Amino acid sequence: MSAGLGAATAVLPSYAPIAHDGPAALRGRVAGTRAALAAGRSTVTEHVGAVLERIRAVDGDLGAYVTVGGEPALRAAAEADRRIRRLGRDAWRHQPLLGITIAVKDLIQTAQLPTGRGSLLRNGRPQTDPPLVARLRSAGAIIVGKTTTSEYGWSASTASRVAPATRNPWSPRHSAGGSSGGSAAAVAAGLCDAAIGTDGAGSIRIPASFCGIVGYKPSHGLVPYVPSCADRLAHAGPMTARVADAAELARVMAGAATGDPDSALRHPGRRVAGRSLRIAWIEFPGTSDEVRQAAEPAMLALSGLGHRVEQVAPPFADPYLALVTVLAAAEAAGTAPHDEAGADPGRLAVARHGRTLGAAALVHAEETRLRLRVRLTELMQRYDALAMCTVPTAPFAADAIGPAWAADPADLLWLAWAPGCYPFNLTGQPAISLPAGRTAAGLPVGVQLVGPVGGDVRLLTLAGRLEAALTPAAE
């Protein structure tokens with residue numbers, strides 16, 4: 001094996017996270033891998049082999065993957081090496097992700113690898129690549145496996161009947177979050193260069209915060225979601241070590257696709273403004289002192305970058321009851337009575353609640369969503385971005401679906417502990433979580449930035465500048 005990136009990833013002795021503590025070449029994981037491959041310090045086969053070896057060595061305890069695609073990944077790596085030998089650096093001209101290892105959440109269909117959707121129930125969807133996966137492969141990315149999730153992504157954890165819950169790379173006693181927890185843990189522990197998650201109520205941003213990585217939920221429809229979801233809450237997006245990596249993956253995945261009518265919508269573009277923006281810093285009820293203190297450097301950094309930061313109370317009513325109605329109705333529609341024996345008991349409790357709801361309740365929920373969209377549209381005329389702690393609480397126990405007060409699905413509070421996440425699924429706004437600090441116990445805390453619908457470029461630019469301001473000079 002050549003000395004370089006592949007060797008570096010293979011010798012780490014445990015599943016301690018490397019997103020911020022590893023060699024500098026790994027910190028911008030996508031760019032670092034590409035540079036090593038282009039310089040000949042590693043072949044794609046060596047790099048993919050080292051990633052697969054690290055998965056074998058580490059993931060038995062961590063539980064980030066539900067399926068590992070060893071042979072298909074190595075075949076793709078060999079083909080990538082042939083392309084590089086033939087074209088040299090020009091190999092990346094039309095395939096910017098050539099040789100980059102990607103993990104895909106098990107809710108997303110894939111060819112070659114099975115998709116279980118975190119469930120014992122049969123998945124009747126075809127084993128094909130949806131547009132976002134096909135675009136990643138076309139850009140040269142190599143899919144190394146499918147990552148753990150709760151059943152159908154119903155909870156913000158990875159607890160399911162299929163596999164043990166994913167452990168947080170920073171502390172095995174704690175949750176990696178969810179429902180894209182497997183993807184977040186895989187990135188944080190160095191088990192891939194980047195990962196793809198889905199987000200219907202915070203499922204990219206919550207685990208990104210818990211695991212100390214970047215999680216980006218694009219504007220609704222920017223990245224096509226196929227098969228599309230009738231509740232129009234779900235987004236697909238990248239989970240990465242750095243903001244620039246997330247932006248690059250999103251560019252590859254974005255664009256209209258016939259299977260998702262919302263992807264054909266053209267949001268008005270937002271020009272990247274000057275360096276001084278007006279930002280509302282929002283603190284939601286229930287924010288713990290340790291989370292507040294860990295995130296404070298981000299608020300100070302935004303001011304230090306020349307932005308006008310205004311601390312405000314939550315400027316909209318909590319739409320949680322509307323969210324519960326929409327999600328419960330969707331779970332009820334997707335759960336036949338004859339499937340109940342094999343269903344996750346927590347998700348089944350939500351589905352049974354959904355069966356009690358009438359059409360009027362669903363219309364009232366949609367009216368709440370509409371009012372929230374109007375309110376946020378007005379708010380974004382005043383502010384260029386919103387900022388807040390991604391999650392107001394530190395990671396909870398590994399096997400739980402939430403903090404103790406929200407851990408019983410029958411109480412219908414299973415997502416109520418993340419009030420800064422789900423509103424922006426109801427509105428479709430872009431949001432990104434990036435590492436802000438750590439608690440006294442060393443657990444990561446994320447800060448979330450939110451922009452107007454269609455304002456993804458400016459949001460990513462702001463996030464990249466904040467990330468740089470929060471990154472020690474030694475990195």
Side-chain angles (χ1 to χ4, degrees), residues 16-32 168-170 177 184 187-188 190 194 204-217 238-248 272 275-283 287-311 384-392 394-395 420-421 430-451 457-475:
I18 65 173
H20 300 290
D21 300 304
L26 293 177
R27 291 202 173 108
R29 204 80 57 79
V30 171
N168 192 310
W170 297 86
V187 172
I204 285 174
R205 294 157 289 153
I206 291 169
S209 178
F210 279 11
C211 292
I213 66 163
V214 173
Y216 167 44
K217 178 184 80 70
M239 306 180 75
T240 60
R242 285 292 185 263
V243 172
D245 291 349
E248 181 168 4
V272 179
R275 296 188 64 86
S276 180
L277 304 178
R278 189 166 188 183
I279 299 171
W281 183 278
I282 304 170
E283 182 172 304
T287 301
S288 69
D289 289 340
E290 62 177 352
V291 168
R292 182 184 301 108
Q293 292 167 7
E296 186 176 10
M299 183 171 60
L300 297 175
L302 287 170
S303 295
L305 288 168
H307 304 306
R308 293 169 291 167
V309 180
E310 180 182 343
Q311 297 185 57
D384 297 295
L386 313 178
M388 65 212 71
C389 300
T390 308
V391 186
C421 287
I432 186 168
S433 178
L434 61 153
R438 300 185 205 171
T439 67
L443 294 169
V445 169
V447 63
Q448 178 179 229
L449 301 174
V450 180
V457 171
R458 183 164 63 184
L459 181 71
L460 289 165
T461 301
L462 175 62
R465 290 172 179 167
L466 176 59
E467 176 185 68
L470 292 171
T471 303
E475 294 192 13

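Not measured: the values here are computed from a predicted model.
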Please list every donor-acceptor pair under 3.5 Å in which a side-chain atom of residues 444-451 meets a protein atom from a residue at least two apart or in another chain.
{"unit_1": "Q448", "atom_1": "OE1", "unit_2": "R205", "atom_2": "NH1", "d": "2.8"}
{"unit_1": "Q448", "atom_1": "NE2", "unit_2": "G420", "atom_2": "O", "d": "2.7"}

Nearest 0.5 Å, please: how far is [atom2] in [Y] from [atom1] in [X]?
X	Y	atom1	atom2	result
R242	E248	CZ	CD	15.0 Å
D289	T439	CG	OG1	12.5 Å
L443	R438	CG	CZ	9.5 Å
D245	Y216	CG	OH	14.0 Å
T471	L466	OG1	CG	8.5 Å

For [X], all residues meeting side chain to side chain contact (heavy atoms under 4.5 Å, CB included), sequence neighbours excluded:
X	answer
A247	R251, L460
A469	A301, L305
A385	I279, L462

Checklist entry - Side chains of V291 and V391: closer than 4.5 Å at any heavy-atom pair? => result no
Checklist entry - Just wondering, do P435 and L470 contact through their side chains at under 4.5 Å, heavy atoms? => result no
Not counting sequence neighbours, which residues clear side chain to side chain donor-acceptor pair (under 3.5 Å) with [X]? List them please.
X	result
R278	E310
E467	none
E290	none
S209	none

Where is the tightest heavy-atom contact between [X] and [Y], given as atom of each residue plus distance?
X	Y	result
A436	A295	CB-CA, 4.2 Å
A387	L302	CB-CD1, 4.1 Å
A241	V187	N-CG1, 3.8 Å
V214	A246	CG1-CB, 4.2 Å
W170	F210	CD1-O, 4.2 Å
I213	A184	CD1-CA, 3.7 Å

Checklist entry - Counting only N and O atoms by type, is there a donor-acceptor contact under 3.5 Å from the side chain of S276 to the main-chain atoms of G306? => result yes
Item to check | side-chain contact (heavy atoms from CB on, under 4.5 Å) evaluation trace for M239 with I204 | outcome: CA-CA 7 Å; M239 306 180 75; I204 285 174; 4.0 Å; yes
Item to check | CA sep, side-chain torsions, deciding dist, call: R465, L277, side-chain contact (heavy atoms from CB on, under 4.5 Å) | outcome: CA-CA 12 Å; R465 290 172 179 167; L277 304 178; over 6 Å; no
